[in-house]
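Right, one structure below, let's go through it.
Just so it is clear, the model here is predicted, and its values are computed rather than measured.
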Protein chains: 2
Amino acid sequence: MRYTGLRSFQAVAQAGGFTAAAEQLGVSQPTLTAQIGALEAEFDVRLFHRRNRRVELTPAGRDLLAITTRMFAEEREALEFLQQSRELRRGVLRVGAVGPYHVTEMLAAFGRRYPGVELSVALGNSTRALQDLRDYRTDVAVLAHIDEDPGLLAVPYRRHPVVVFTRTDHPFAARDAIALADLQGERMIVREKGSTTRRAFEEAIGAAGVAPRIVMEIGSREAIREAVIHGLGIGYVSAAEFVADPVLRAVPIADAQIFTYAHVVILRERADGRVIRAFLDTVGGMLRPE
Amino acid sequence: MRYTGLRSFQAVAQAGGFTAAAEQLGVSQPTLTAQIGALEAEFDVRLFHRRNRRVELTPAGRDLLAITTRMFAEEREALEFLQQSRELRRGVLRVGAVGPYHVTEMLAAFGRRYPGVELSVALGNSTRALQDLRDYRTDVAVLAHIDEDPGLLAVPYRRHPVVVFTRTDHPFAARDAIALADLQGERMIVREKGSTTRRAFEEAIGAAGVAPRIVMEIGSREAIREAVIHGLGIGYVSAAEFVADPVLRAVPIADAQIFTYAHVVILRERADGRVIRAFLDTVGGMLRPE
DNA sequence: GGCAATCGATAGAAATTACCTATGCGTTAC
DNA sequence: GTAACGCATAGGTAATTTCTATCGATTGCC
């Protein structure tokens, strides 16, 4: 009652009459008569003088109007906020990712489409990214890794071939491509166990029966790159993550389909969230598995 | 729906849970589930993460909460205002009067009883006072005059004898009282036609068959006083309105009951107004005819 | 000066909304 | 492992809101 009464009061006060307010409010005039009557009766306060055919605010009504005007301004703001949220003219999208490679591209596209939505990116390893996702600290994760958790939904975004890279003084550096078999006995520096790239690579050489000579295992892309630059051996990396250098050369592997995949991962239970849907939709138009 | 939904949202957000909010709000928990569910469905926005057995605001929820908090603060203020109006801890009382004689006394008593109510007095002639009353510019009028208008309600407040006043060098000045008959042939200065005092006075001398000699008719108490001071004749005035002066002397009339009455006048249609009722009630305790 | 139009009040009924009880499912705590 | 806790669901009830029809009164127009 209190809300409806105040709303009717506000409308009548602003419209300057019951009939006008009723039209403006989309209700019938007796409704307003009843509601304002109830309000006045409950608090035993006259809010309007019904002077003949005209209504006029009492002093108490004037004071009340000042308050309700502010109140309904806030209400409008709340509804406007919700409306804008629905239309994604505002909101927040928080993304966790292991590297800036793909996520920047995705967020650029999303940002163009929904300029009102605030974007935030948390970079970290895949474990952290997944934990943030599960804890609702992020809405989306961009990962290579695929967790078999049924609570997760992973959408393949893009795949990249794994390439070998060497110093320019290595024989491979002169070639357009190599064959997997060429790696037999090669001194290689590899990623740590658990690396998605390593898993894909080892699967391929295992299937081909090729056995490079592993000289070092390092848990960092950047560190491997340094090691290769210093001539400790050759390395491999996802083509998307290869950083050019004057003394380095990336060489494709011709006869093997070794890929790493970038996935967009969300919580299945949040798949119907509006911002998340919009993000997947935006990203969906960018799918281009190499 | 919108209001109830927002109220439920506000309660859950502040209480930190549906059950706690339900208790605090005096409704059942499913009510809140339904209402917030409806709100979220209507705008397709998640406001809370229902994470296991705990609820947590989403970013959108946090933004909305900031708005609704302000909104409900305004609502509380509005209800508080109405509550205070009911208890007359605030409000306005506007009084119209012809002179400050009685109204000051009444307002002092009213002000002591209802310190929160703002008081205002408009002094003027009785015509103006009545017009202000009819136009709702004042709530109460304090008048001598009684209008026979059925729309008015006049409460007698106090009555005052009409006294004769003279210069101190006039024979009457030495007497404790005079009789009506003593006025026969006296040079008198009288009020204008329509004056309540004049009507009461003439009624009395008419009944007694006494005929003073009217030397002047003036439409102002102050002007009559000046005229008497200058020796143009003797005057009469309501005892309550007599202003002392070294050269003036007021003399009661022993054998006549000539009175003027102070009335508290209100519009009958507003007799049930809270402030007006309170005023009449306060004044009622002060009734003391004479 | 009379008639039509306008505005708010009233009465009674209909539709929508808000709300409750009972219960289920999953998690947390002892 | 069991009990307690917290939110979701289902179905029904109570309360509020709102409607239509009509009246009474005033204002404006001709």
Side-chain heavy-atom pair A/Tyr157, A/Val142 within 4.5 angstrom cut-off: no

Donor on one side chain, acceptor on other, A/Thr58 and A/Arg46, under 3.5 Å: no

Per-nucleotide protein contact string for nucleotides 4-14 of chain D (B base, S sugar-phosphate only, - none; heavy atom under 4.0 Å): BBSBBB-----

Side-chain H-bond candidate by donor/acceptor type, B/Arg113 with B/Thr282, under 3.5 Å: yes

Sugar-phosphate only, base, or nothing, as touched by B/Arg7 at under 4.0 Å among non-hydrogen atoms: sugar-phosphate

Whole-Å distance separating the CD1 atom of B/Ile36 from the P atom of C/dC19: 12 Å

Side-chain ion pair, A/Glu75 and A/Arg7, N-O less than 4.0 Å: no

A/Arg94 side chain vs A/Tyr136 backbone, donor-acceptor pair below 3.5 Å: yes

Under 3.5 Å side-chain donor-acceptor pair for A/Gln83 and A/Arg86: yes

Rounded distance in Å - CD (A/Glu40) to P (C/dT10): 11 Å

Whole-Å distance separating the CD atom of A/Glu56 from the C1' atom of C/dC7: 16 Å

Got a list of side-chain donor-acceptor pairs under 3.5 Å for residues 21-40 of chain B, not counting sequence neighbours?
unit_1  : atom_1 : unit_2  : atom_2 : d
B/Ser28 : OG     : B/Thr31 : OG1    : 3.0
B/Gln29 : NE2    : B/Thr33 : OG1    : 2.9
B/Thr33 : OG1    : B/Gln29 : O      : 3.4
B/Gln35 : OE1    : B/Ser8  : OG     : 2.3
B/Glu40 : OE1    : B/Arg50 : NH1    : 2.9
B/Glu40 : OE1    : B/Arg50 : NH2    : 3.1
B/Glu40 : OE2    : B/Leu47 : N      : 2.7
B/Glu40 : OE2    : B/Phe48 : N      : 3.3
B/Glu40 : OE2    : B/Arg50 : NH1    : 3.0

Under-4.0 Å side-chain N/O to phosphate OP1/OP2 contact, B/Gln35 with C/dA18: no

Touch class at under 4.0 angstrom, heavy-atom based, for A/Gly26 against every strand present: sugar-phosphate

Row check, B/Tyr114 ring normal vs B/Arg89 NZ/CZ: under 6.0 Å, within 45°: no

Check: B/Gly151 main-chain N/O paired with B/Asp149 side-chain donor or acceptor under 3.5 Å: yes

Bending between helix ends of the helix from C/dG1-D/dC30 to C/dC30-D/dG1 [5 pairs per end, 10° resolution]: 40°

Sugar-phosphate, base or nothing in reach of A/Ser28, heavy atoms under 4.0 Å: base

d(CD, A/Glu23; C1', C/dC7) in whole Å: 12 Å

Distance test, side-chain N/O of A/Thr31 to OP1/OP2 of D/dT17, below 4.0 Å: no

Between C1' of C/dT17 and CZ of B/Arg2, the distance in whole Å: 14 Å

Rounded interatomic separation in angstrom, taking CG from B/Leu39 and C1' from C/dA18: 15 Å

